[in-house]
Amino acid sequence: MCGIIGYIGDKNAIHIVLDGLKKLEYRGYDSAGIACLLDGKIKTVKCKGKIKNLESLVDDNLKQSKMAIGHTRWATHGKPSDENAHPHCSGSIALVHNGIIENYAEIKKELQAEGYKFVSQTDTEVIAHLIRKYRESNLSIEEAIRKAVSRLKGSYAIVVMDEKEPDKLIGVRMESPLVVGVSNGEKFIASDVPAFLNHCNRVIFLEDGEMITLNK
Ligand code: GLU
């Protein structure tokens, strides 16, 4: 179990995501991380330990960002460490994941043979590389995610950002929870409603197998 949250809108995304992570800390707390889009580039900050540790590492200029994702981890594959903390990135892609990918070892082997370099011991990192691989074969971000998750066995709630799609956050789930918060000019996506209840109270509960594209 772990907690994930994403935000897209006009406000300080880092503030909203850190605040949401604190409300999700009960779901897992061995490490935490965030990724945000700033000046067209994805910036990632992550570390072992509590959200307080993460907060102290966040640079003030990241607070200009209007789109971010965050994660509080309960390790299933790979020890709690800075490298294994989410988000995981590949090329223009960054994502957070709650769940377990049962067939990650065979996918990892395949991707390594194709030249993808792994920097963590997590099952999650295969998803980032798979989406990048399909994205670079000229699929849209939605098609690339759909194709990537069709390869996965196990459970997942995933929230994805792509540098090449600065106005989109995409969520998809299977056997792990994912809820969407809808407000005027901003959207939230998280493992659980309390993560964004301070900000909005219109909620959509995603079903297994559903994917959603959010823009502000
Ligand atoms: N399996 C992933 C990991 O170990 C996600 C764990 C979780 O859902 O907390 O990093």
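Computation of the quantities below employed the complete heavy-atom set of this structure, encompassing side-chain atoms and omitting hydrogens, waters and symmetry-equivalent molecules. Counting starts at 1 for both ligands and their atoms, in listed order. For this chain, numbers begin at 1 and follow the sequence in order.
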May I ask you to check if ligand 1 and [X] share an N or O to N or O distance below 3.5 Å?
X: I100; result: no
X: H86; result: yes
X: N84; result: no

Only heavy atoms of [X], strictly under 4.0 Å: list the atoms of ligand 1 that pass.
X: W74; answer: 6 (C), 7 (C), 9 (O)
X: H77; answer: 4 (O)
X: H97; answer: 5 (C)
X: D123; answer: 1 (N), 2 (C), 3 (C), 4 (O)

Between ligand 1 and G78, can you find any atom pair, the residue atom being a heavy atom, that is separated by under 4.0 Å?
no
State, with a plain yes or no, whether a side-chain heavy atom of I93 is found less than 4.5 Å away from one of V160.
yes
Taking L38 as the fixed residue, which of K66, K43, M67 is the one that meets the side chain to side chain contact (heavy atoms under 4.5 Å, CB included) rule?
K43
Side chain to side chain contact (heavy atoms under 4.5 Å, CB included) test vs L206 passes for just one of V172, V179, L178, namely L178
Region of N98 engaging ligand 1 - heavy atom pairs below 4.0 Å:
both
Ligand 1 contact on T124 by region, counting heavy-atom pairs under 4.0 Å:
side chain
Any chance NZ of K164 has more than 12 other-residue heavy atoms, nucleotides or ligands included, within less than 6.0 Å?
yes
Tell me whether the NZ or CZ atom of K187 lies within the 45° cone about the ring axis of Y7 and under 6.0 Å from its centre.
no
Those residues at least two apart in sequence (or on a different chain) that pass salt bridge (Lys or Arg N to Asp or Glu O under 4.0 Å) with K168 are E142, E165
S90 and H129 side chains, donor-acceptor separation under 3.5 Å:
yes
